[in-house]
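As C-alpha cells, the structure follows; a few thoughts come after it.
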Protein chains: 2
Amino acid sequence: MGGSCDEASQNRKTSWKKNPEAVKENILTIATEEFAAQGLSGANINEIAKRTATSKRMIYYYFGDKEGLYQHVLERVYSSLRETEQALNVSDLEPVAALRRLTEATFDSHVNNPHFIRLVMIENIHNAEYVKKSEIIPKLNKAIIEKLADVCERGKASGVLREDADPLELHWMTSSASFYNVSNMATFSTSFGNSLYTKEGQKRMRQRVVDMVLGAVVVGYQPPPVS
Amino acid sequence: MGGSCDEASQNRKTSWKKNPEAVKENILTIATEEFAAQGLSGANINEIAKRTATSKRMIYYYFGDKEGLYQHVLERVYSSLRETEQALNVSDLEPVAALRRLTEATFDSHVNNPHFIRLVMIENIHNAEYVKKSEIIPKLNKAIIEKLADVCERGKASGVLREDADPLELHWMTSSASFYNVSNMATFSTSFGNSLYTKEGQKRMRQRVVDMVLGAVVVGYQPPPVS
DNA sequence: TGACAAATTAACCACGAGGTACATAAGTGA
DNA sequence: TCACTTATGTACCTCGTGGTTAATTTGTCA
C-alpha cells in the first residue's frame, strides 16, 4: 500500500502483518486534511477513502466509524504540535528573554500548523466533546504551563517580572493572539484587507504580540518602536 | 408564525394568518441557533423547520436553499453586533479613556454574542466564502476602524499615544483576545481548568486585555496591579 | 504444507436530509 | 363576488453518505 518507506518489511519479530501501520498513517494524513478543511460533518468518508491509497473498508476496520477517525486525527495533531513545543528549551535563558522566546515560538508554531488550528476550531464548535473524551490530550497541555511557571518564578525572584504574573494567564494571552492570527485570517482579511497578512505585516504582528505579552508582566517594559 | 407574542397560535392549522415578516424572523432566529450550534453542514433543515412555528416549505420559499438561509443568518448576526458597537460613542472621551472604553466594549460584546462568534468561526472554516459573497458585511466593518483611527489621531496629537499606534493593529489586538476568549473557551477550560472562566477570572482577563492594548500604544503605560 | 488469523477488496444497503409538487387558504382590488 | 397574487401546509421524491456483508488474499507458525 502507499507506504512512504517500508521499514515495516525489514521489521523484526512479530511483524507478520502486511502493512497496517503505513495504511493507518496514510488514512490519518488524508483524514486530517479533510476534517481540517470540511469539519466533522462536512468531511466525507467516501472522499477520504478515494484520496487514500486504500479503501473505505479499511477506515472502518481500523477506526470503527467516522467519529473514531476524527478522534484519532485530533489526538495525532495535538500530539504533534505539543511535541514541537516541548522541544524548545528556555531554562538557560534569563526570564524576559525566555518569555520572548516562548511567545515567538507559540506564534510561529500556530502559523506553521494550520491543520491544528482548524481542528481546534472545529472542536470548539463541538464544545470540545472529543477533547474531553481523549485520554491523552489533557496530559499534553501540562508541559507548556510548567515552562511558563518556571519562567514566572525566576522572573519574580529576580524582580524583573511583576508579582501578579501568572503562567496560565500568560498562556492565554499568547495563545489568543497566536490562535486568532491564523484562525480568523479569512474573515479578517476579507473585512479589513490583508495588510496584516503580508510577510511584513506578519513580522510586525509577531513583534506586537511579544510586546503585548512582555508589556503585561515585565516591570517597566518599554516596547521598541515598530516600523 | 406568531414569532413573538401572537395570541392566536394554536389554531393556525385550520385558520392561519398571513404574516411574512414574523415568519421570516422566526425562521432566522431558529436557524441562527442551529447553524451556530452545528455548523453549515451539521445543521439540519428538517430540525430547523420542526423548531419553527412554520414548515420546511417556508424556509425554501423565503430563502431558496440551505446556503441562502445560512447567508441571511450570517448577515443578520453581523449587522446586529456592529449596530451595538456603533451605538457606543467615545468621541468626547480623552484618547486613553476612549481606547479603554472601546476595548472593554469589544470584550463585552463578544462575550454577549456567542452566536456571532460561532458563526464567524464557521465562516473561517469555510474560508470566509459567504462573508465574501455578502454585499453588506464589508460596509459594516468600516465604523469600528474609523473610531479607532480618530482615537489614534487625537492621541498622537496630544502625545499620549505612540507614533506607531495603528487603528487596524489595535482592532486586531482587541479582537484577537476578545474573540479567543469566547471561541476557545471549551477547549481551553477542558485543557487548563476553568479558573479563567469564572466570574472573577473573566473580570481579571478583561482587565488584562485592556492593559495589553493600552500597554502596546500608550506612552509609558504602567498597568495597575491585578488582584 | 495446511490451519488459522490478520489484512484487504468490492459490491451492496438503509435511510436521512435536502429539496420539490401540488393543493389550498388568506388577502387584495374591481 | 370573483379573479388573481401571495403565503402556507402536506406529502413526496431522490440521491448521497455512513456503514456493512461476505468473500479473498497475505502472512505466521505448528
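Order of the sequence lines sets the chain letters (A, B, ...), proteins ahead of strands, with each chain counted from 1.
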For this session: Please list, chain by chain and in numerical order, all residues satisfying side-chain contact (heavy atoms from CB on, under 4.5 Å) with B:R206, sequence neighbours excluded.
Result: B:E104, B:F107, B:D108
Without decimals, in angstroms, what is the distance between [X] [atom1] and [N] [atom2]?
{"X": "A:I59", "N": "C:dA7", "atom1": "CD1", "atom2": "P", "value": "16 Å"}
{"X": "A:N26", "N": "C:dT8", "atom1": "CG", "atom2": "P", "value": "11 Å"}
{"X": "B:E34", "N": "C:dA17", "atom1": "CD", "atom2": "P", "value": "11 Å"}
{"X": "B:K50", "N": "C:dG18", "atom1": "NZ", "atom2": "P", "value": "12 Å"}
{"X": "B:E21", "N": "D:dT6", "atom1": "CD", "atom2": "P", "value": "15 Å"}
{"X": "A:M58", "N": "D:dT25", "atom1": "CE", "atom2": "P", "value": "16 Å"}
{"X": "A:K24", "N": "C:dT8", "atom1": "NZ", "atom2": "C1'", "value": "14 Å"}
{"X": "B:F63", "N": "C:dG19", "atom1": "CZ", "atom2": "P", "value": "14 Å"}

For this session: Run the numbers on B:R82 and B:E85 for salt bridge (charged side-chain N to carboxylate O under 4.0 Å, His left out), then give the verdict.
Result: CA-CA 5 Å; B:R82 296 305 187 210; B:E85 287 179 354; 3.1 Å; yes
Any protein N or O atoms within reach of nucleotides 16-20 of chain D? Criterion: under 3.5 Å, listing atom names and distances.
unit_1	atom_1	unit_2	atom_2	d
D:dT17	OP1	A:N44	ND2	3.4
D:dT17	OP2	A:N44	ND2	3.1
D:dT17	O5'	A:N44	ND2	3.1
D:dG18	OP1	A:A43	O	3.1
D:dG18	OP1	A:K66	NZ	3.0
D:dG18	OP2	A:N44	OD1	3.2
D:dG18	OP2	A:I45	N	2.8
D:dG19	OP2	A:Y60	OH	3.4
D:dG19	OP2	A:K66	N	3.0
D:dG19	N7	A:K56	NZ	2.9
D:dG19	O6	A:K56	NZ	2.4

Problem set entry | Any B:S55 side-chain nitrogen or oxygen under 4.0 Å from OP1 or OP2 of D:dT8 | no
Problem set entry | Side-chain donor-acceptor contact under 3.5 Å, A:T187 with B:N124 | yes
Exercise. Is there any side chain to side chain donor-acceptor pair (under 3.5 Å) pair reaching into residues 38-50 of chain A, and which pairs are they, with sequence neighbours excluded?
Worked result: A:S41-B:S41, A:N46-A:K56
For this session: Test salt bridge (charged side-chain N to carboxylate O under 4.0 Å, His left out) on B:E123 and B:K132 and set out the steps.
Result: CA-CA 10 Å; B:E123 259 305 278; B:K132 280 180 190 151; over 6 Å; no
For this session: Please find out if less than 6.0 Å separates the ring center of A:Y180 from that of B:Y180.
Result: no
